[in-house]
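Take a look at the structure set out below.
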Amino acid sequence: MMLSLAIPLAGFLLLVLPTGGLCYGCAVTEKERPWVNSLLNKIISSEDTRTGLNPSILIALRLAGSHNRNVEESLLQRLSQDAVSHAKESYSSGKVALNIMAQLASCVNPRNISSSSSTINLVRLLEQKYQDELQNLKKYQAPLTSFYQLSLDVLALCLAEGKFSTADAANLLQPDKDMKKYYLGQFSVDTAAVSILAQVCLKKMTLTPKVKKEIRESVEQLVQKIMTHSHNGVLGNMYSTGLAMQALTVSGIQWNCRESLKMILDQIPKGTFDLPMTASQIIPSLEGQTYLNVIGLNCSADKDDIIPTPSPPTRPRLIHVRYTISAKVKIFIKGTITVHVPWGSTFFDVMKVAMEKKCKIFRFTYENSSWGPYITSVQGLMADDNQRTYWQLLSGNIPLDRDAGNYIVSDKERLEVRYSKY
Ligand code: B12
């Protein structure tokens, strides 16, 4: 089905018949498949996949065309064990939602997850956590987490056929006047993409004509906004392109999918998607799949055809970079230092060297996550979700598109961590 877009969108999205690659979605060709397999290999050989608890990775592995059953099964078991032990108390709503999708993609009923003689109904838990989000939104005009997670919640509840009001969900995800719901400092293509996926899923449920119309209009608006953030196949930035491709595919519009796919394939040899978490968010699109396909997979038909191989190490040489810390939101903090680090060092390495040199000024704390280290405090000043503050990473005054641990610095670069509002 195709949406009729009333407003003309960015150049290549116009409703032209499919010549020269305009299509509803796409997947790698057989010739391009080795690139997907190289990413799958990175994922299944990584420590995060072998010992960690990342549902996005399992979803990607399940939606892929090639499989390693051992790795998938052991990750599924760990996720189930952790969900049974900790989901009620310590999972955010979005984390429960991702876990439900990972279970569905593994052909497991998320209402009955069992491990070590305990069981949990993840769908009921999400119904509750989603209600908590709605209550918070009503009381404080902000969700407990973010609209990204609210979109994941609606998507998972829809896929797992949970109990929730579809009319309220449609209303919740409808863009407000300034699209504030979809801003995290700047317009979040990732949030818009997951919201579109959720709303397209809702369209398959029983809805009144009014709600159907609302959904159609919201999806159109969000698609249009995503397209205004597209350039040479990049939708938002490289790390939102995978989710945005899924969203555009299910939205039913014609767009230049091959251009985005080609852009991603060009980035794979440069190591842009080497981190398993980043790979997990683009693999479904490379396979021509979307999160809506986690239901109805034929798990017993999987081949066991990917064998893990370890990746090669990197090399040394000295470079120097300038590193600044600053805060203007709450209190005034300023500090600048020039540090020498080996070639191939990361932003995070620079922060560590600065801390070793002048601990009082450059001390910082972080938490490890699937995206890499998340900077939680600098000079004792903590990022605070309740206040919507965070430590923003910048280079030459431009916000980084990746974590400190995976951003390789260049000679004479000017780095900054800035206490900011989102
Ligand atoms: C919401 C969000 C934020 C919020 C998080 C706070 C909140 N209350 O939700 C804010 C605005 C603070 C934020 C900050 C940053 N973010 Co952000 N964020 C997201 C977003 C849209 C959703 C994450 C989510 O809720 N996932 C679902 C839940 C269930 O999973 P979760 O694991 O519990 O999610 C947590 C982590 O993702 C963490 N987090 C969010 N962003 C980042 C970034 C990094 C580097 C790390 C380590 C952790 C982290 O916060 C989430 C909530 O607690 C993702 C989009 C995506 N595609 O995933 C981008 C995304 C993860 N963020 C990204 C980036 C680049 C950043 C920043 C580095 C931006 C900057 N220049 O400063 C900073 C982090 C700086 C630091 N201190 O280390 C990139 C990461 C790309 C990459 N290759 O690493 C993404 C993919 C967006 C994009 N397309 O560029 N982010």
Side-chain donor-acceptor contact under 3.5 Å, [X] with [Y]:
X    : Y    : answer
N41  : S38  : no
N293 : R62  : no
Q199 : S251 : no
Q81  : S116 : yes
S114 : T119 : no
E133 : T145 : yes
Y422 : D385 : yes
S195 : Y182 : yes
E413 : S395 : yes

Between [X] (side chain only) and [Y] (backbone N and O only), is there a donor and an acceptor less than 3.5 Å apart?
X    : Y    : result
R418 : A327 : no
T49  : I43  : yes
N136 : A142 : yes
R78  : G52  : yes
R402 : G372 : no
Q149 : G94  : yes
Q379 : I361 : yes
S90  : H86  : yes
K181 : A192 : no
N68  : I306 : yes

Is there side-chain contact between [X] and [Y], with heavy atoms separated by less than 4.5 Å?
X    : Y    : answer
P175 : L222 : yes
F147 : V194 : no
Q103 : S80  : yes

- request: Among Y366, Y323, Y407, find the residue that satisfies the ring pair (Phe, Tyr, Trp, His ring centres under 6.0 Å) test when tested with F348.
  value: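 Of the listed options, the one satisfying the test is Y366.
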Give a yes or no on this: more than 12 heavy atoms of other residues, nucleotides or ligands lie within 6.0 Å of atom [atom1] of [X].
X    : atom1 : answer
R414 : CZ    : no
K421 : NZ    : yes
R69  : CZ    : yes

Hey, what do you get for [atom1] ([X]) to [atom2] ([Y]), rounding to the nearest 0.5 Å?
X    : Y    : atom1 : atom2 : value
S370 : D48  : OG    : CG    : 4.5 Å
K203 : I215 : NZ    : CD1   : 7.5 Å
D304 : N70  : CG    : CG    : 7.0 Å
I283 : S66  : CD1   : OG    : 10.0 Å
L155 : L292 : CG    : CG    : 6.5 Å
T338 : R322 : OG1   : CZ    : 6.0 Å

task: Using a strict 4.0 Å threshold on nitrogen-to-oxygen distance, state whether E30 and R33 make a salt bridge.
output: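 Result for this pair is yes, salt bridge flagged.
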- request: Output yes when K334 and E416 qualify as a salt bridge under the 4.0 Å nitrogen-oxygen rule, no when they do not.
  value: no
Which atom of [X] lies closest to which atom of [Y], heavy atoms considered:
X    : Y    : answer
T191 : Y148 : CG2-N, 3.5 Å
S280 : Y291 : O-OH, 4.5 Å
G242 : I282 : CA-CG2, 3.9 Å
I319 : V409 : CD1-O, 3.6 Å
C158 : M205 : SG-SD, 3.8 Å
P399 : L394 : N-CD2, 3.8 Å

message: Checking M351 against T346 for the side-chain contact (heavy atoms from CB on, under 4.5 Å) test, could you report, in this order, the C-alpha distance in whole Å, the side-chain angles of both residues, the deciding distance, and whether it holds?
response: CA-CA 9 Å; M351 293 177 75; T346 63; over 6 Å; no
Indicate every side-chain donor-acceptor pair of residues 120-128 with a distance under 3.5 Å to a residue at least two apart or in another chain.
{"residue": "N121", "atom": "OD1", "partner": "V123", "partner atom": "N", "Å": "3.1"}
{"residue": "N121", "atom": "OD1", "partner": "R124", "partner atom": "N", "Å": "3.0"}
{"residue": "E127", "atom": "OE2", "partner": "K163", "partner atom": "N", "Å": "2.7"}

- prompt: For S106, which of L58, V294, L297, L75 qualifies under side-chain contact (heavy atoms from CB on, under 4.5 Å)?
  reply: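 With S106 as partner, L58, V294, L297, L75 yield a single side-chain contact (heavy atoms from CB on, under 4.5 Å), made by L58.
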- request: Assess whether side-chain contact (heavy atoms from CB on, under 4.5 Å) is satisfied between W255 and S260, documenting all intermediate values.
  value: CA-CA 10 Å; W255 58 291; S260 297; 3.6 Å; yes
message: As a quick check of understanding, evaluate side-chain contact (heavy atoms from CB on, under 4.5 Å) for I196 and I226, giving each step before the final call.
response: CA-CA 11 Å; I196 291 173; I226 289 179; 3.8 Å; yes
message: Taking side chain to side chain contact (heavy atoms under 4.5 Å, CB included) as the definition, give me every residue that meets it alongside D401, ordered by chain and number, with sequence neighbours left out.
response: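 Residues passing side chain to side chain contact (heavy atoms under 4.5 Å, CB included) with D401: N237, M238, Y239.
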task: Applying side-chain contact (heavy atoms from CB on, under 4.5 Å), run through F347 and V321 and close with a yes or a no.
output: CA-CA 10 Å; F347 196 133; V321 294; over 6 Å; no
message: Taking the six-membered ring of F187 as reference, does the cationic atom of K225 (NZ for Lys, CZ for Arg) lie under 6.0 Å from its centre and within 45° of its axis?
response: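 Verdict for F187: a cation-pi partner in K225.
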